[in-house]
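See below for the structure under consideration.
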Amino acid sequence: MFATEPNAEYPDTILRQDQSFTLGVTVEFGGPGAIALMPLGLSVRVNFFAKPYGLGSKLELGYTAVETSAGIFIYGPTLAVAKPEAVGLLVGEIFQVTALLRVGAPNWPALVTGFIEGLAIQIYK
């Protein structure tokens, strides 16, 4: 999981409150089943959440989705976030970002699920 801010003067995980940024994950499929599954055009959906270290409620940052294709085993779903303040990320706080992954048809049980947590981001003025 990664965060990027265009033209950042600090590391990618230190975000200005008034500038857009992106959150993304790298999803790699492997093994004998991947060759059969990728041509099915499965939805790979990733929901992003943030929770402040300390007191505070979990925030939903949004989601992104891509469709699988035959012969492609690595995907990079990326979510563009307008501004930290627009999604409730406050200046001076440090947040843990979590990505929830779901692979499969949207209205059916998922074929693959997973989550990634641990990315820490902070917001400044």
State, with a plain yes or no, whether a side-chain heavy atom of [X] is found less than 4.5 Å away from one of [Y].
X    : Y    : result
T22  : V81  : no
V103 : T113 : no
V66  : V46  : no
N47  : E60  : yes
V27  : L101 : yes
P106 : R45  : no
I74  : T26  : yes
V25  : T78  : no

### Query
Does the cation-pi check pass for R16 over Y124, that is, NZ or CZ under 6.0 Å from the six-membered ring centre and within 45° of its axis?
no

### Query
Do S43 and E67 pass the side chain to side chain contact (heavy atoms under 4.5 Å, CB included) test, and can you show the C-alpha distance, the side-chain angles, and the key distance before you say yes or no?
CA-CA 5 Å; S43 173; E67 300 292 320; 3.7 Å; yes

### Message
Would F21 and I123 count as a side chain to side chain contact (heavy atoms under 4.5 Å, CB included) here? Give the steps.
### Response
CA-CA 11 Å; F21 67 99; I123 313 303; 5.8 Å; no

Can you name the nearest heavy-atom pair linking [X] to [Y], along with the distance?
X   : Y   : answer
Q17 : P84 : O-CD, 3.3 Å
F48 : A99 : CE2-CB, 3.8 Å
L89 : A50 : CD2-CB, 3.8 Å
V44 : P77 : CG1-CG, 4.3 Å

### Query
Hey, mind stepping through E117 and Q96 against side chain to side chain contact (heavy atoms under 4.5 Å, CB included) and telling me if it holds?
CA-CA 7 Å; E117 63 182 3; Q96 178 182 20; 3.6 Å; yes

### Query
Do other residues, nucleotides or ligands put more than 12 heavy atoms under 6.0 Å from F115 CZ?
no

### Summary
Here the gap from Q122 atom CD to I14 atom CD1, rounded to the nearest 0.5 Å, amounts to 4.5 Å

### Message
I need the L119 CG to L23 CG distance, nearest 0.5 Å.
### Response
7.0 Å

### Task
Could you tell me which residues satisfy side-chain contact (heavy atoms from CB on, under 4.5 Å) with P52, sequence neighbours excluded, listed by chain and number?
E93, F95

### Query
Counting only N and O atoms by type, is there a donor-acceptor contact under 3.5 Å from the side chain of T68 to the main-chain atoms of L42?
yes

#### Entry: Any donor-acceptor N/O pair, Y75 side chain to I72 backbone, under 3.5 Å
yes

#### Entry: Verify same cluster id: I121, L90 (apolar side-chain graph, 4.5 Å)
no

